[in-house]
Amino acid sequence: MDMMSHLIEAINSNKDDTSLRAIVLSAKGNVFSAGHNLKELQSSTGIEQHQLIFRKATELMKSIIQSPVPVIAKVNGFAAAAGCQLVAACDMIVCSNTSKFSTPGANFGIFCSTPGIAIARSIPKSRATYMLFTGEPITAQEAYESGLATKVVPEEQLDIEVNKIIEKIKVKSRSVIALGKDFFYKQIELDVLDAYKLGEKIMVDNINSCDGQEGIRSFAEKRKASWSHK
Amino acid sequence: MDMMSHLIEAINSNKDDTSLRAIVLSAKGNVFSAGHNLKELQSSTGIEQHQLIFRKATELMKSIIQSPVPVIAKVNGFAAAAGCQLVAACDMIVCSNTSKFSTPGANFGIFCSTPGIAIARSIPKSRATYMLFTGEPITAQEAYESGLATKVVPEEQLDIEVNKIIEKIKVKSRSVIALGKDFFYKQIELDVLDAYKLGEKIMVDNINSCDGQEGIRSFAEKRKASWSHK
Amino acid sequence: MDMMSHLIEAINSNKDDTSLRAIVLSAKGNVFSAGHNLKELQSSTGIEQHQLIFRKATELMKSIIQSPVPVIAKVNGFAAAAGCQLVAACDMIVCSNTSKFSTPGANFGIFCSTPGIAIARSIPKSRATYMLFTGEPITAQEAYESGLATKVVPEEQLDIEVNKIIEKIKVKSRSVIALGKDFFYKQIELDVLDAYKLGEKIMVDNINSCDGQEGIRSFAEKRKASWSHK
């Protein structure tokens with residue numbers, strides 16, 4: 001519960017600071033996250049507390065989705081249960097080739113139902129069901145093949161790969177990325193033609209924003225753009 | 001029609017028997033299933049009968065989705081048309097590396113529209129359209145790459161691989177798996193934030209179920225859980 | 001704007017000609033399409049014109065989806081931004097192994113929001129976000145692994161591969177393919193059980209159509225079907 005509060009706080013605290021351009025979630029040691037603390041889920045804790053815990057987890061997932069900057073999971077080790085959910089909820093996932101991902105909750109009597117929400121939106125059905133019903137881990141390579149991981153690299157290249165992504169984000173306008181990210185998660189919930197209808201409006205808004213026009217001008221004038229990030 | 005009735009009966013007959021923990025659909029010979037019997041679809045059969053056939057097919061798919069236990073397709077050979085639909089509708093698909101999958105209905109004037117429902121929910125669009133519009137088979141390897149197959153193994157390891165999955169299911173609580181499977185298919189139809197909202201409730205219900213609490217206690221006490229399966 | 005009008009015209013002009021069996025979108029030179037013309041998006045063009053441009057783009061995507069024949073993107077080179085959207089909106093994508101795909105709009109201040117609609121429906125989330133947020137190209141091989149491409153072949157086999165697909169389409173009934181394509185894009189927007197309900201009706205309609213019955217008869221009589229295509 002504390003860790004989730006800290007993460008939400010960290011993701012949201014300088015949300016409007018234009019110098020914040022990307023968020024990287026990473027861990028020390030060989031466990032990225034093992035998910036919820038089972039002790040907090042004992043009956044002695046009480047149902048009200050259990051409800052607060054899962055409301056908090058949703059709040060964390062929402063914070064990631066609604067963050068104006070891309071959120072990258074940098075995984076070097078094991079991401080299990082709600083830890084795997086946290087990874088799958090991030091915009092991009094870069095992991096070392098020795099990383100593993102699992103949703104073993106049912107082994108402890110608690111099906112990874114909420115992790116399944118993020119995972120079912122990241123990998124094919126036949127793989128999500130395997131993870132959820134067997135609890136068996138998948139390797140980094142399988143995570144790549146399934147689409148869960150954006151990139152898989154040797155451990156020593158993990159920072160390099162994440163930094164490459166960040167550098168690509170940093171040369172762009174923050175407000176343009178924010179507008180694009182917000183729309184991305186909106187449109188995937190819509191019927192394709194409704195998505196295009198809303199998309200038309202978003203494109204026109206983007207073009208006529210300050211950084212939209214600066215981008216087009218700088219392209220025409222063959223110079224580097226100077227973003228306002230607003 | 002008879003085969004579909006038998007399958008529905010077989011899937012549902014001992015649905016509430018707690019010793020039933022998984023269902024494996026398999027076939028003798030090198031054809032897993034070739035789908036509907038074209039003779040039953042002749043005009044002489046009559047439209048009412050055609051309607052009954054496809055209503056029955058939907059009932060079969062629903063039986064798989066709504067079965068409280070995981071349903072595994074063990075494929076060693078050819079799964080075509082509604083046979084491919086049957087495979088894609090299963091929770092997990094384990095196949096031999098010589099298996100093939102196709103939706104050739106349009107070759108016989110009948111587009112695999114209903115198989116397409118299951119397939120479009122299992123593999124990327126560019127592959128589903130290929131299968132449906134060309135009628136060409138995809139190999140087991142392509143089925144794996146596309147996400148249709150959970151695992152692809154040499155024929156002689158097919159039973160071993162399926163049994164590994166079943167063993168992992170058997171060490172868990174039946175009721176926990178049932179709750180998780182039911183929620184999995186519910187949440188994939190929802191907007192992600194609605195899914196999390198419902199998921200919070202499901203997690204709290206799971207934790208406060210008999211086997212949820214037993215799982216947490218056994219973990220704390222470092223002993224094997226003793227499930228009630230209820 | 002002119003190019004989009006030409007494409008829409010070309011896709012729709014002989015829509016009802018039964019000898020039209022498939023549409024192939026291809027390009028001369030090593031750029032399949034670089035997307036919108038940034039000059040047309042300058043502020044001097046005016047917001048009304050910007051709105052028309054994106055309305056036109058939606059119309060183009062709708063033309064592809066609603067075309068009664070399969071639309072195949074034959075890509076040999078670079079498909080960027082709305083050019084990548086155009087590719088992803090096609091039913092099938094066959095590309096040479098040196099092709100590349102990117103959505104670099106944000107580099108020019110204009111996030112590829114509308115391309116993201118087609119891309120998010122073609123590849124896993126962790127790859128779509130990478131393309132959209134970094135603007136980096138993915139290779140043909142990565143496009144295959146992600147599910148964006150149906151087939152990747154050496155440049156000299158590109159026509160051969162596309163022709164194989166077309167030959168498979170040509171031996172089928174045009175009206176049966178049209179019915180199947182229309183239903184495919186309808187059903188992917190529906191809840192799975194609603195999709196099956198609608199699918200039952202579509203199957204019965206298909207079977208009792210002229211070419212549905214001809215297909216079944218020809219199969220029973222072990223002869224080649226003679227399609228009316230109507």
Side-chain angles (χ1 to χ4, degrees), chain A residues 22 70 72 88 90-93 121-124 143-151 164-165 167-169 171-173 176-181 183-184 187-188 190-193 195-204 206-220 225 227, chain C residues 36 38-59 61-62 65-66 82 85 89 103-121 123-136 145-147 185 188-190:
Chain A
I72 303 162
C90 288
D91 297 312
M92 285 170 274
I93 297 95
R121 283 158 179 77
S122 300
I123 66 175
Y144 177 77
E145 288 166 357
S146 301
L148 178 62
T150 304
K151 298 271 178 190
K164 267 194 216 166
I165 291 175
E167 289 307 315
K168 293 295 168 188
I169 293 167
V171 296
K172 298 177 179 62
S173 160
V176 167
I177 294 263
L179 168 147
K181 176 170 169 176
F183 179 69
F184 181 81
Q187 61 82 18
I188 48 175
L190 302 177
D191 185 290
V192 65
L193 295 184
Y196 277 124
K197 202 162 186 179
L198 184 58
E200 290 174 29
K201 192 197 160 310
I202 296 294
M203 291 303 284
V204 173
N206 187 163
I207 284 163
N208 293 285
S209 71
C210 178
D211 282 348
Q213 282 304 316
E214 166 59 12
I216 293 166
R217 269 196 312 268
S218 66
F219 180 76
W227 308 120
Chain C
H36 292 289
L38 282 182
K39 283 181 193 161
E40 292 185 355
L41 304 178
Q42 283 172 318
S43 66
S44 56
T45 320
I47 291 187
E48 285 75 19
Q49 184 62 15
H50 299 161
Q51 288 169 335
L52 288 178
I53 287 168
F54 291 100
R55 211 170 297 154
K56 186 68 88 181
T58 298
E59 200 189 328
M61 303 307 141
K62 270 174 84 166
I65 295 171
Q66 294 173 355
Q85 174 185 356
T103 48
N107 289 335
F108 313 106
I110 303 172
F111 197 92
C112 282
S113 291
T114 36
I117 295 170
I119 289 161
R121 283 159 180 77
I123 66 175
K125 187 200 73 167
S126 79
R127 309 290 164 81
T129 50
Y130 176 78
M131 290 182 74
L132 293 165
F133 292 154
T134 71
E136 287 295 281
E145 289 167 358
S146 301
Y185 288 106
I188 48 174
E189 307 290 357
L190 302 177

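Every chain is numbered from 1 and lettered A, B, ... according to where its sequence line falls, protein lines coming before strand lines. Every value quoted in this text rests on a predicted model; they were computed, and no experiment measured them.
Side-chain atoms of C:T134 never come within 3.5 Å of backbone atoms of A:K168 as a donor-acceptor pair (strictly under, hydrogens ignored).
Considering only heavy-atom pairs separated by less than 4.5 Å from chain C, the leading option among A:Y196, A:F183, A:F184 is A:Y196. In terms of non-hydrogen atom pairs under 4.5 Å with chain C, the most contact-rich of A:L179, A:I165, A:I72, A:D91 is A:D91. Note: A:T150 leads A:L148, A:L198, A:I93, A:T150 in heavy-atom pairs under 4.5 Å with chain C. Considering only heavy-atom pairs separated by less than 4.5 Å from chain A, the leading option among C:T58, C:L38, C:I117, C:T129 is C:I117. When each of A:V204, A:D191, A:L193 is scored by its heavy-atom pairs under 4.5 Å with chain C, the top score falls to A:D191. Heavy-atom pairs under 4.5 Å with chain C peak, among A:E214, A:R217, A:K181, at A:K181. The greatest number of non-hydrogen atom pairs below 4.5 Å with chain C, out of A:I202, A:I123, A:I177, is found for A:I177.
For chain A, no part of C:S146 is nearby; none of its heavy atoms comes within less than 4.5 Å. Looking at C:A118, both its backbone and its side chain come within 4.5 Å of chain A, counting heavy atoms on both sides. With a threshold of 4.5 angstrom between heavy atoms, A:C90 approaches chain C through N, CA, C or O but not through any side-chain atom. Both the backbone and the side chain of A:A195 come within contact range of chain C, with heavy atoms under 4.5 Å apart. For A:A149, the part lying near chain C is the backbone, with the side chain staying farther off; criterion is any non-hydrogen pair under 4.5 Å. Within the 4.5 angstrom heavy-atom criterion, atoms from both the backbone and the side chain of A:I188 approach chain C. At a 4.5 Å heavy-atom cutoff, the contact between C:R55 and chain A is made by backbone and side-chain atoms alike. For C:E59, no part lies under 4.5 angstrom from a heavy atom of chain A. Of the two parts of C:E40, neither the backbone nor the side chain holds a non-hydrogen atom closer than 4.5 Å to a non-hydrogen atom of chain A. For chain C, the nearby part of A:N208 is the side chain; its heavy atoms alone come within less than 4.5 Å.
The minimum heavy-atom distance linking C:G109 with A:N206 is given by the pair O-ND2, 2.8 Å. The two residues A:A220 and C:Q42 come nearest to each other via the heavy atoms CB-NE2, 4.0 Å. The heavy-atom pair separating A:G147 from C:S126 by the smallest distance is O-OG, 2.6 Å. Of all the heavy atoms in A:K172 and C:A106, the pair that sits closest is CD-CB, 3.4 Å. When every heavy atom of A:Q187 is checked against every heavy atom of C:A120, the shortest pair comes out as NE2-CB, 3.6 Å.
Residues C:R127 and A:Y144 have side chains in contact (heavy-atom distance under 4.5 Å, counting atoms from C-beta outward). Inter-residue side-chain proximity for A:V192 and C:E189 is flagged as met; some heavy-atom pair is nearer than 4.5 Å.
Under the ring pair (Phe, Tyr, Trp, His ring centres under 6.0 Å) criterion, A:F219 pairs with C:F108, not counting sequence neighbours.
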>> If you apply the rule side-chain contact (heavy atoms from CB on, under 4.5 Å), what do you find for A:M203 with C:I110, and how did you get there?
In response: CA-CA 7 Å; A:M203 291 303 284; C:I110 303 172; 3.8 Å; yes
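C:I53 contributes atom CD1, which lies 7.0 Å from atom CD1 of A:I207 (distance to the nearest 0.5 angstrom). To the nearest 0.5 Å, atom CG of residue C:L52 and atom CD of residue A:E200 are 10.0 Å apart. The distance from atom CE of A:M92 to atom NZ of C:K125, rounded to the nearest 0.5 Å, is 10.0 Å.
Both cation-pi conditions hold for A:K151 and C:Y130: the charged atom is under 6.0 angstrom from the six-membered ring centre and inside a 45 degree cone around its axis.
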